[in-house]
Amino acid sequence: NTIIHNGQTKLQIISRQDKVGMIARDLVYDLRQAIYRDELTVVYQPKHHRSGHIVGVEALVRWTHPRYGFVSPAMLVMLAEDSGDINKLGNWVFEQCCITKAKWNKEGHHALTMAINISPLQLNDNALPAFLTRCIQQYGLSTDEIELEITESSEISDSKQVEKILQEISDLGIHLAMDDFGMGYSSLLHMRRFTVNAIKIDGSITRDVLTNSTNADIIRTISALGKSQKVSVVAEYVETLEQREALVEMGCDIFQGYYHSPPLKPEDCSMYFLSHRIEGAH
Ligand code: C2E
Ligand code: MG
Ligand code: MG
Ligand code: MG
């Protein structure tokens with residue numbers, strides 16, 4: 001007797017779940033090899049100041065799996081967090097970013113900040129500040145050229161250890177940005193517990209700024225908070241000129257999104273920098 005559920009037999013559902021489980025196990029195994037097999041790359045998305053010039057880029061990891069093709073970074077990071085490979089992945093991304101930034105500096109693009117996403121789990125690693133320092137020195141960079149984007153999470157709001165590491169990193173002169181601001185846990189609290197240089201309003205809030213008046217109010221409030229704390233306010237997912245203009249009017253300082261540019265390969269970034277005026281760091 002087959003149980004029919006949403007037009008599928010129970011057997012089909014079970015076998016599909018098995019398949020998902022198998023793929024997940026495959027992916028964890030493959031992720032460990034991916035770094036050495038040159039399957040991971042990093043792309044960089046420009047961030048523009050309200051007056052137009054580029055202030056920096058955000059680094060985003062990409063994985064092209066030999067069989068499954070594009071694996072989303074959200075999935076990749078989740079797998080790495082679950083399997084205990086997040087420090088290895090995070091450190092690899094960080095080193096790639098330092099290599100790229102050093103190359104850009106040589107080409108004369110000094111005034112740009114390199115922003116790198118960090119999983120909250122990486123902040124449990126006591127060796128992280130020393131690793132960052134070593135990497136930055138090795139490639140001849142200075143700490144204030146680097147910004148870490150930290151996603152709000154329960155890990156961050158609950159842990160003294162994480163707070164200590166973040167303060168240590170901030171004391172080194174590395175900038176900190178609160179990513180996905182407005183979505184997670186007690187955003188306002190964090191700003192008082194460690195030094196934040198920037199807040200990035202979550203894309204889900206900025207994307208419908210033209211049609212959702214509640215979100216528009218949230219953005220105005222976050223912008224006012226940023227101003228009073230002398231923290232720059234970044235809007236992500238800016239896809240159209242109309243959105244950009246509305247966000248400027250609401251007090252955002254920096255803009256990132258497909259309106260300006262998608263994430264680019266390092267070589268294409270160099271071209272992009274040349275074709276846009278670069279001025280001051282912030
Ligand atoms: P995020 O840090 O909030 O990054 C912004 C995401 O928005 C990126 O997605 C970017 O490609 C996408 N995006 C940029 N402009 C637009 C736009 O105009 N419209 C829309 N709809 N999307 C836009 P992506 O690359 O898929 O990354 C997703 C998330 O994965 C990131 O969110 C970040 O949390 C995480 N992630 C990516 N790379 C890394 C990494 O190297 N390490 C860690 N720990 N996390 C990473
Ligand atoms: Mg980010
Ligand atoms: Mg974000
Ligand atoms: Mg996000």
Side-chain angles (χ1 to χ4, degrees), residues 31 34-35 39-48 56-64 69-101 113-125 128 132 135 146-153 155-156 162 175-184 187 196-210 219 222 232-244 247 252 254-266 269 272:
L31 174 59
I35 294 181
E39 292 163 14
L40 297 180
T41 56
V42 182
V43 290
Y44 303 88
Q45 186 174 36
K47 295 183 197 174
H48 286 250
V57 297
E58 175 178 14
L60 296 158
V61 71
R62 292 288 178 263
W63 183 16
T64 309
F70 177 79
V71 180
S72 83
M75 162 76 105
L76 163 59
V77 167
M78 201 177 69
L79 284 170
E81 286 177 341
D82 279 356
S83 63
D85 296 313
I86 190 65
N87 289 338
K88 197 188 264 177
L89 174 68
N91 290 356
W92 181 84
V93 169
F94 190 82
E95 182 163 14
Q96 295 308 304
C97 290
C98 288
I99 292 169
T100 300
K101 178 66 176 133
T113 303
M114 172 68 80
I116 303 157
N117 291 286
I118 289 275
S119 155
L121 292 188
Q122 289 177 258
L123 300 171
N124 291 316
D125 178 10
L128 184 67
L132 301 180
C135 224
I146 305 291
E147 181 165 88
L148 299 185
E149 295 193 0
I150 297 145
T151 308
E152 307 179 85
S153 69
E155 282 91 347
I156 288 188
V162 163
H175 292 185
L176 295 178
M178 291 305 307
D179 206 349
D180 306 335
F181 194 85
M183 290 311 285
S187 320
V196 172
N197 303 86
I199 47 190
K200 297 189 77 177
I201 305 174
D202 192 71
S204 66
I205 300 175
T206 53
R207 72 171 4 140
D208 61 357
V209 59
L210 297 172
I219 294 165
I222 296 177
S232 48
V233 177
V234 186
E236 58 175 17
Y237 285 28
V238 182
E239 296 185 351
T240 66
L241 178 62
E242 290 71 25
Q243 284 174 337
R244 189 190 141 104
L247 290 161
C252 299
I254 293 167
F255 303 87
Q256 181 184 348
Y258 300 151
Y259 169 69
H260 284 294
S261 172
L264 302 170
K265 293 189 198 123
C269 261
Y272 188 89

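Computed from a prediction, not measured in an experiment: that's the story for all the values here. Start at 1 and go down the list; that is how both ligands and their atoms are numbered.
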Working note: Tyr237 + Ile201, criterion side-chain contact (heavy atoms from CB on, under 4.5 Å); need CA distance, chi angles, decisive distance, verdict. CA-CA 9 Å; Tyr237 285 28; Ile201 305 174; over 6 Å; no
Which heavy-atom pair separates [X] from [Y] by the least distance, and what is that distance?
{"X": "Asp208", "Y": "Ile205", "answer": "OD1-O, 3.4 Å"}
{"X": "Lys47", "Y": "Ala115", "answer": "NZ-CB, 3.5 Å"}
{"X": "Tyr44", "Y": "Pro266", "answer": "CE1-CG, 3.9 Å"}
{"X": "Asn87", "Y": "Leu121", "answer": "OD1-O, 4.4 Å"}

Give the single entry among Leu60, Ile118, Asp202, Leu148 that approaches atom 8 (C) of ligand 1 most closely by any heavy atom. Leu60
Which option, Trp63, Tyr258, Tyr259, owns the non-hydrogen atom nearest atom 23 (C) of ligand 1? Tyr258
[X] heavy atoms, cut-off 4.0 Å: which ligand 1 atoms fall inside?
{"X": "Asp179", "result": "1 (P), 2 (O), 3 (O)"}
{"X": "Val61", "result": "38 (N), 39 (C), 40 (C), 41 (O)"}
{"X": "Gly257", "result": "15 (N), 18 (O)"}
{"X": "Glu239", "result": "17 (C), 18 (O), 19 (N), 20 (C), 21 (N)"}
{"X": "Glu236", "result": "3 (O), 5 (C)"}
{"X": "Gln45", "result": "14 (C), 15 (N)"}

Contacts of Thr41 that satisfy side-chain contact (heavy atoms from CB on, under 4.5 Å) - sequence neighbours left out: Arg62
Set of residues satisfying side-chain contact (heavy atoms from CB on, under 4.5 Å) with respect to Ser204, sequence neighbours excluded: Met183, Asp202
Do Trp92 and Cys97 touch side chain to side chain, with heavy atoms closer than 4.5 Å? no
Any side-chain heavy-atom pair of Ile86 and Leu89 under 4.5 Å: yes
N/O/S atom of Asp179 under 2.8 Å from the Mg ion (ligand 3), yes or no? yes
For ligand 1, which part of [X] has a heavy atom less than 4.0 Å away: the side chain, the backbone, both, or neither?
{"X": "Val77", "value": "side chain"}
{"X": "Val93", "value": "side chain"}
{"X": "Val42", "value": "neither"}
{"X": "Arg62", "value": "side chain"}
{"X": "Asp180", "value": "side chain"}

Backbone or side chain, does [X] get an N/O/S atom under 2.8 Å to the Mg ion (ligand 2)?
{"X": "Asp180", "answer": "no"}
{"X": "Thr151", "answer": "no"}
{"X": "Glu236", "answer": "no"}

Any salt bridge linking Glu147 with Lys200? Criterion: basic side-chain nitrogen under 4.0 Å from a carboxylate oxygen. no
With a distance cut-off below 6.0 Å to the six-membered ring centre and an angular limit of 45° from the axis, does Arg244 pair with Tyr259 as a cation-pi contact? no
Going by distance only, is there an N or O of [X] that falls short of 3.5 Å from an N or O of ligand 1?
{"X": "Glu58", "answer": "yes"}
{"X": "Asn117", "answer": "yes"}
{"X": "Ala59", "answer": "no"}

So, Ser119 and Glu81: side-chain donor and acceptor under 3.5 Å apart, yes or no? yes
So, Ser261 versus Tyr272: side-chain donor-acceptor pair below 3.5 Å or not? no
Which atom, counting only N, O or S, brings Glu149 closest to the Mg ion (ligand 2)? OE1
Atom name in Glu58, limited to N/O/S, at shortest distance from the Mg ion (ligand 2): OE2
Only one of Leu176, Ile118, Asp179 passes side chain to side chain contact (heavy atoms under 4.5 Å, CB included) with Glu149; say which it is. Asp179
So, 4.0 Å and heavy atoms of Arg207: is ligand 1 close enough to count as a contact? yes
Give a yes/no verdict on whether any heavy atom in Gln256 is under 4.0 Å from an atom of ligand 1. no
